[in-house]
Amino acid sequence: MATDRQEAYDVIIVGGSIAGCATALSIHNTHASASILVVDDTDPGMFKIGESLPAPAKRILGSLCPEIFERISELHNRTESVYTICTGNASVWGRPDVQETHAMMNPYGMGWHLDRALFDELFRQCMCTAAQGSVSFVKGMFMDIKGIDEDTSWLVTVNEGKVYRSRWVIDASGRKATVARKLGSKTVKEDSLLAFYAIFVAPSIAEDLDYRTLIEACESGWWYSSPLPGNRRVVVYHTDDSEPTSRDARKLDGFMNLLNNTTAHISQVIGQHDYDLCVDSKARFPICTAACSARLEPPCQTMADGGGRWCAVGDAAMAFDPLSSQGMITALKGGVVVGNAIAKSLLATDPKDDPTCIIPHIYSQVWNKYLNEKEYFYGQEGRFEGEFWAKRR
């Protein structure tokens with residue numbers, strides 16, 4: 001049973017990364033007096049994969065939170081870079097030679113290769129500043145959620161037993177979808193793709209000026225590499241968990257052997273700039289993480305469903321194959337759409353007026369478009385006959 005001592009909010013958002021912050025800002029921009037609590041337990045010092053910010057995403061980011069570009073510029077002036085530019089893509093896909101797509105041909109300009117952990121921390125800070133008085137932030141871990149039947153609201157428990165009350169709960173916890181799974185939703189996986197990644201650092205005398213994203217297909221999967229701020233470079237190998245190479249890639253020797261024996265261009269970049277494996281006290285490379293296409297069923301519960309109201313955004317709702325480079329921009333767009341709908345539902349005077357009912361339809365459209373594009377791009381690689389590629393044709 002709820003008590004008066006519990007802090008009450010209109011919306012509680014679990015997860016303070018891109019999707020969570022975008023949702024909070026979207027709610028605030030539409031309904032400035034809405035009370036929002038963002039709960040997040042991220043370690044800002046831990047490296048985070050997912051560093052590609054496509055050029056069109058910068059426009060969405062600017063409309064949500066113009067202050068973030070000022071903060072990024074301030075950090076650049078202090079030589080603490082949040083990003084390096086992305087001049088385009090260079091891919092060895094479908095043919096053995098390199099094919100290039102230059103950013104200068106993009107009407108939105110160049111994208112960014114981010115220090116993702118630093119960027120997310122900056123976004124959280126800017127969110128709290130831009131929506132001061134509306135958005136509160138708590139550093140804590142989500143533990144439990146329970147519905148209150150008599151008024152269709154929620155009690156959300158974070159670590160140390162602190163309980164908060166809200167009308168809406170947003171799951172922005174990423175692929176783990178911790179809130180939605182507590183509420184009975186299931187994550188449906190379309191494949192078993194894994195990503196194995198390592199961070200390399202080069203001495204300043206061997207500065208790497210190749211700002212492209214390099215993509216290279218091989219018999220058992222595919223690789224990509226991007227430069228990062230601080231003279232670093234991320235290298236990622238993607239394969240299915242059923243592939244024998246997935247066992248080799250879990251250990252550094254196996255990862256390096258695969259890199260040197262199954263790539264020509266990415267291994268050359270690592271060698272010619274004298275890159276060494278980055279030593280990180282919080283991470284031991286290579287690191288394995290899920291990279292499969294996955295969606296949540298159901299992704300939300302609106303007024304039409306009865307009971308408490310909740311919605312998943314970002315990777316909690318739909319997680320994409322990294323080949324699509326759609327994770328961050330979809331998280332931003334999803335946050336805008338969901339936040340705007342929830343804000344309007346909070347402002348509605350007629351209980352039958354439920355703008356959030358459109359969310360499942362929008363998610364379905366996004367998912368179907370993604371699947372079609374994924375099938376097309378994997379279908380362009382016809383050189384290999386292994387099981388990895390056969391599953392995707």
Side-chain angles (χ1 to χ4, degrees), residues 5-46 48 50 60-72 74-75 80 82 114-145 153-174 176-180 182 310-316 328 331-332 334-336 338-340 342-343 346:
R5 289 176 295 176
Q6 290 157 345
E7 295 180 32
Y9 296 87
D10 291 317
V11 183
I12 293 177
I13 300 174
V14 178
S17 189
I18 298 291
C21 290
T23 305
L25 286 166
S26 181
I27 294 171
H28 172 74
N29 291 344
T30 303
H31 182 8
S33 61
S35 57
I36 306 162
L37 177 68
V38 178
V39 179
D40 184 81
D41 66 342
T42 302
D43 179 354
M46 179 73 75
K48 185 174 183 179
I60 303 171
L61 191 62
S63 65
L64 273 173
C65 187
E67 296 87 351
I68 194 168
F69 294 107
E70 298 175 11
R71 293 293 308 279
I72 288 172
E74 290 174 4
L75 288 178
E80 187 178 4
V82 180
L114 296 172
D115 180 327
R116 179 62 187 278
L118 180 57
F119 176 83
D120 282 5
E121 179 65 15
L122 198 64
F123 198 13
R124 284 189 287 270
Q125 294 173 6
C126 290
M127 170 195 68
C128 293
T129 301
Q132 190 171 11
S134 177
V135 175
S136 301
F137 181 82
V138 168
K139 189 74 173 178
M141 180 182 296
F142 166 80
M143 302 298 292
D144 198 14
I145 180 170
S153 59
W154 301 103
L155 293 180
V156 175
T157 304
V158 301
N159 54 322
E160 299 182 357
K162 182 67 176 177
V163 179
Y164 302 93
R165 181 171 177 162
S166 69
R167 298 166 61 184
W168 271 93
V169 172
I170 307 301
D171 187 345
S173 63
K176 54 190 176 182
T178 53
V179 178
K182 283 272 189 182
W310 65 269
C311 186
V313 294
D315 283 354
M328 289 187 70
L332 285 168
V336 170
V338 169
N340 185 55
I342 290 174
L346 292 171

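Note that the numbering runs from 1 along the sequence shown for the chain.
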>> Between Cys65 and Met127, is there a side-chain heavy-atom distance shorter than 4.5 Å?
In response: no
>> Could you work out, with salt bridge (Lys or Arg N to Asp or Glu O under 4.0 Å) as the rule, every residue matching Asp115, not counting sequence neighbours?
In response: Arg232
>> Quick check: closest heavy atoms across Ala117 and Pro44, and the distance to 0.1 Å?
In response: CB-O, 3.6 Å
>> So Ser33 and His31, do their side chains get closer than 4.5 Å, heavy atoms only?
In response: yes
> Ignoring hydrogens and geometry, is there a side-chain-to-backbone donor-acceptor pair from Ser166 to Tyr9 under 3.5 Å?
Replying inline: no
> Distance only, no hydrogens: is a donor on one side chain within 3.5 Å (strictly under) of an acceptor on the other, for Asn340 and Ser26?
Replying inline: no
> With sequence neighbours excluded, what pairs up with Thr157 under the side chain to side chain contact (heavy atoms under 4.5 Å, CB included) test?
Replying inline: Met143, Asp144, Val163
> In Å, rounded to the nearest 0.5 Å, how long is the span from CD1 of Ile145 to CH2 of Trp154?
Replying inline: 5.0 Å
> Residues two or more places apart in sequence or in another chain: which of them pass side chain to side chain contact (heavy atoms under 4.5 Å, CB included) with Ala180?
Replying inline: Asp171, Ala177, Ser185, Leu296, Trp310
> Going through the distances and angles, do Leu75 and Leu122 end up as a side-chain contact (heavy atoms from CB on, under 4.5 Å)?
Replying inline: CA-CA 10 Å; Leu75 288 178; Leu122 198 64; 4.1 Å; yes
>> Can you tell me how far apart CZ (Arg165) and OG (Ser153) are? Round to the nearest 0.5 Å.
In response: 4.0 Å
>> Would you compute the distance between atom CD of Glu67 and atom CZ of Phe123 and round it to the nearest 0.5 angstrom?
In response: 10.5 Å
>> I need the Glu70 CD to Thr129 OG1 distance, nearest 0.5 Å.
In response: 11.0 Å
>> Return the CD1 to CD distance between Ile12 and Glu7, rounded to the nearest 0.5 Å.
In response: 9.5 Å
> Asp120: what forms a salt bridge (Lys or Arg N to Asp or Glu O under 4.0 Å) with it, not counting sequence neighbours?
Replying inline: Lys48, Arg116
>> Do Ile18 and Leu332 make a side-chain contact, defined as non-hydrogen atoms from C-beta onward lying under 4.5 Å apart?
In response: yes
> Which heavy atom in Thr23 sits nearest to a heavy atom in Gly335, and how many Å separate them?
Replying inline: OG1-CA, 3.3 Å
> If you take all heavy atoms of Ala8 and Ser35, which pair is closest and at what distance?
Replying inline: O-OG, 4.3 Å
Check residues 130-139 and write down every donor-acceptor pair under 3.5 Å in which the side-chain atom is one partner and the other belongs to a residue at least two apart or another chain.
{"unit_1": "Ser134", "atom_1": "OG", "unit_2": "His28", "atom_2": "ND1", "d": "3.4"}
{"unit_1": "Ser134", "atom_1": "OG", "unit_2": "Ala34", "atom_2": "O", "d": "2.5"}
{"unit_1": "Lys139", "atom_1": "NZ", "unit_2": "Thr42", "atom_2": "O", "d": "2.1"}

> So, Thr30 side chain and Ile27 main chain: donor-acceptor pair closer than 3.5 Å or not?
Replying inline: no
> About how many Å separate CZ of Phe142 and NZ of Lys182, when rounded to the nearest 0.5 Å?
Replying inline: 6.0 Å
> Where do Leu61 and Ile68 land on the side-chain contact (heavy atoms from CB on, under 4.5 Å) test, with the steps shown first?
Replying inline: CA-CA 8 Å; Leu61 191 62; Ile68 194 168; 3.9 Å; yes
> Does the side chain of Lys176 come within less than 4.5 Å of Ser173's, by heavy atoms?
Replying inline: yes
> Would you call Asp40 and Arg124 a side-chain contact if the rule is heavy atoms closer than 4.5 Å?
Replying inline: yes
>> Once side chain to side chain contact (heavy atoms under 4.5 Å, CB included) is applied, do any residues pair with Cys311, and if so which ones, sequence neighbours excluded?
In response: Trp168, Ile170, Cys300, Val338, Ile359, Tyr363
> Heavy atoms, side chains only, cut-off 4.5 Å: are Val11 and Leu37 in contact?
Replying inline: no
> Quick one: are Val39 and Ile13 in side-chain contact, heavy atoms under 4.5 Å?
Replying inline: no
